[in-house]
J.: 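Sharing a structure, written as structure tokens. Questions coming.
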Amino acid sequence: MSTLGLTETLAGGRRAALPFPADFWWGAATAAYQIEGAVTEAGRTPSIWDVFAATPGRIDDGSTGENATDHFHRYREDVALMAELGLAAYRFSVSWPRVRRAGGVGVNAAGLDFYDRLVDALLAAGISPVATLYHWDLPQELEQAGGWTNRDTAFRFADYAAAVAGRLGDRVRLWNTLNEPWCSAFLGYGSGGHAPGRTSHREALTAAHHLLLAHGLATGALRAAAITGQVGIALNAGTVRPVSNTAADLDAARRIDGLLNRIFFDPLLRGAYPADVQADTAGITDWAFVRPGDLAVISTPIDALGVNYYQPDLVGAAEAGATDPRTPYPTAQDIVFHPTPGPVTDMGWSIDPTGLRELLLRIRRDYGDIPMYVTENGAAYADRVTPDGRVPDPERIDYLYAHLAAAHEAIAAGVDLRGYFVWSLLDNFEWGYGYTKRFGLVHVDYATQARTLKDSAHWYRRVIAAGGVVARLPYE
Ligand code: FCB
């Protein structure tokens, strides 16, 4: 990708062509269910993903996260890999089903012990721990009580946040309450493509509100626990573009932007749901789940916003009469998602770093000068270990290069971007795709659990050492 027309190589090699701020957090991210395995160890209770993945037909390759990358047992080796890369920060998620005790009374200390050890290992390696409290693995017991459609789940989440803060609050540097509540609500309860696999747009909207309420309550609980780190949330916000300037296509883009971005940003950062989203969805729900005082809780000030970015969306109105009954977006049955011209990753996701720059600038323009982190960005490719033990992944290097360049442009334009986390540290269980998609900087052989640094990991190590992007190619 040379779309940004940036310098590729540097004489001397070490000085960064695109220098980032000296205290910028160069990171990588993972999530508990995708890497830990050990689903029945140390008192862990079942999660909605255990149940969902075990249901035939839900996961492309019929796999589950039962073993995943065995990180629960290999975390020391994985922290050593992070140290080898020179990571400044590592974003992991805490598994609620590990911390919850069956029946919900008390806390499973053995589950917290694992994260205690992980955090200490990170700090010993000079890596700042960034903890996400909810990366989609709701305890199954809570789903049986209604899951995120049950308002009580938000209060249980705040209790859980307090328990984790009580143990890790002195050492975690940045907290993300939730990861991508859009996915939890609209894929989990709307399209059914994610756990728990329910298919009701009304329930999806209810879940979205309760997730936001959970975020606000947890933010309060973290602060009440006198944590030493900052608090934020990671959203899969996106850049939504109309396929043409017709009124119908512009309206499609407005509606998708409302249901992807503003339905979260507005209550979090302005204390109100967007009026157009409420009007658009009036035929689905009366929004009575929003109780007096909720929006004040949801808009409890946060320290930083996390943005997970992969690709922009290109949308337009469907042909008259054509509908997409399986859309995760409530009220979007008459909207078409068009393929973006140009290259795609192994996910079929378009490669367009301009969407990242636009998104960061848009958030600053519309919601103010809030500190931000790119909490996820990365690409899947069908990587293989070669006979000489390397994993050549030039496409991933191109992808990361171009997106870091876009982030650099956003900083130059005034965005207060504090860090960037590659998704992901390791190849892992990619939700509905199982083990068929590899996002890691580190290749994992699932038969042996052998880890091999990909070329992109070597490249990223050099970027980190130089304090900025040095070159696209790993070996110039
Ligand atoms: C994000 C998820 C993450 C991973 C990447 C590819 O939506 O937060 O767990 O699946 O996509």
Side-chain angles (χ1 to χ4, degrees), residues 27-37 47-49 52-53 58-61 63-65 68-69 71 90-96 130-138 176-188 190-191 193-195 208 211 215 232-239 260-261 264 305-313 328-329 337 344-352 355-356 359 373-383 393 395-396 399-400 403 420-442 444 456:
T30 62
Y33 189 70
Q34 296 182 273
I35 63 165
E36 286 179 359
S47 85
I48 55 174
W49 272 95
F52 187 79
R58 293 300 204 178
I59 309 298
D60 283 355
D61 58 1
S63 66
T64 71
T69 69
H71 172 77
Y90 170 57
R91 175 175 179 252
F92 60 96
S93 84
V94 177
S95 160
W96 189 354
V130 176
T132 301
L133 285 168
Y134 186 71
H135 202 125
W136 307 350
D137 45 358
L138 185 72
N176 293 157
T177 53
L178 306 177
N179 178 72
E180 302 190 354
W182 182 91
C183 294
S184 301
F186 296 113
L187 301 179
S191 70
H194 277 191
L211 281 151
H215 155 81
I233 182 171
L235 299 176
N236 52 321
T239 295
L260 177 65
N261 296 316
F264 295 105
L305 192 64
V307 173
N308 295 355
Y309 173 85
Y310 290 91
Q311 63 165 349
D313 290 312
Y329 291 92
F337 284 74
V344 296
T345 69
D346 196 34
M347 299 292 281
W349 295 351
S350 71
I351 302 170
D352 186 349
L356 174 60
L359 176 62
Y373 293 87
V374 174
T375 31
E376 285 181 27
N377 177 239
Y381 289 102
D383 308 307
D393 59 342
E395 307 94 334
R396 182 172 292 100
Y399 183 99
L400 297 175
H403 287 78
Y420 172 92
F421 294 78
V422 175
W423 184 270
S424 181
L425 176 72
L426 303 167
D427 290 341
N428 60 45
F429 177 78
E430 178 48 38
W431 310 112
Y433 298 88
Y435 297 99
T436 66
K437 304 294 176 192
R438 293 181 177 273
F439 273 94
L441 291 168
V442 177
V444 177
S456 58

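Order of appearance sets the numbers: ligands from 1, and atoms from 1 within every ligand. In this text, all values refer to a predicted model and were calculated from it rather than measured experimentally.
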J.: Using a strict 4.0 Å threshold on nitrogen-to-oxygen distance, state whether Glu430 and Arg438 make a salt bridge.
T.: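 Salt bridge: no.
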J.: Is the closest N or O pair between His135 and ligand 1 shorter than 3.5 Å?
T.: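 Between His135 and ligand 1, an N or O pair is found under 3.5 Å apart.
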J.: I would like to know whether Ile233 and Leu305 meet side chain to side chain contact (heavy atoms under 4.5 Å, CB included); could you show each step before the answer?
T.: CA-CA 6 Å; Ile233 182 171; Leu305 192 64; 4.0 Å; yes
J.: In terms of atom number and element, which parts of ligand 1 are under 4.0 angstrom from non-hydrogen atoms of Gln34?
T.: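 Going through ligand 1 atom by atom, the ones under 4.0 Å from Gln34 are 3 (C), 9 (O), 10 (O).
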J.: Does a salt bridge link Lys437 with Asp346, judged by any charged N lying under 4.0 Å from a carboxylate O?
T.: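 Salt bridge flag = yes for Asp346 with Lys437.
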J.: Checking a contact table here: which protein heavy atom is nearest atom 7 (O) of ligand 1, and how many Å away?
T.: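 Checking every protein heavy atom, the shortest distance to atom 7 (O) of ligand 1 gives Glu180 OE1, 2.5 Å.
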J.: For atom 5 (C) of ligand 1, what's the nearest protein heavy atom and its distance?
T.: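 Its nearest protein heavy-atom neighbour is Tyr310 OH, 3.3 Å.
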J.: For the residue pair His194 and Trp136, does the interplanar ring angle fall in the parallel (under 30°), tilted (30 to 60°) or perpendicular (over 60°) class?
T.: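 His194 vs Trp136 ring planes: tilted.
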J.: Taking the six-membered ring for Trp, are Tyr134 and His215 closer than 6.0 Å centroid to centroid?
T.: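 Centroid separation for Tyr134 and His215: 6.0 Å or greater.
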J.: For Glu430, is at least one N or O under 3.5 Å away from an N or O on ligand 1?
T.: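 Right, the criterion is met.
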J.: Taking only heavy atoms of Phe439 into account, list the atoms of ligand 1 that are under 4.0 Å away from them.
T.: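 Counting from 1, the qualifying ligand atoms are 6 (C).
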J.: Atom 1 (C) of ligand 1: which protein heavy atom is closest, and how many Å away?
T.: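 Here the nearest protein heavy atom works out to Glu376 OE1, 3.1 Å.
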J.: For this output row, return yes or no: ring centroids of Trp431 and Phe52 closer than 6.0 angstrom.
T.: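 For Trp431 and Phe52, the ring centres are not under 6.0 Å apart.
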J.: Considering the heavy atoms of Trp431, write down every atom of ligand 1 situated less than 4.0 Å from one of them.
T.: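 Listed by number with element: 3 (C), 4 (C), 9 (O), 10 (O).
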J.: What verdict does the ring pair (Phe, Tyr, Trp, His ring centres under 6.0 Å) test give for Phe429 and Tyr33, after you've listed the backbone C-alpha separation in whole Å, the side-chain angles of each residue and the deciding distance to 0.1 Å?
T.: CA-CA 8 Å; Phe429 177 78; Tyr33 189 70; 5.4 Å; yes
J.: Using a strict cut-off of 4.0 Å, indicate which atoms of ligand 1 neighbour a heavy atom of Asn179.
T.: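 In order of numbering, the contacting atoms are 8 (O).
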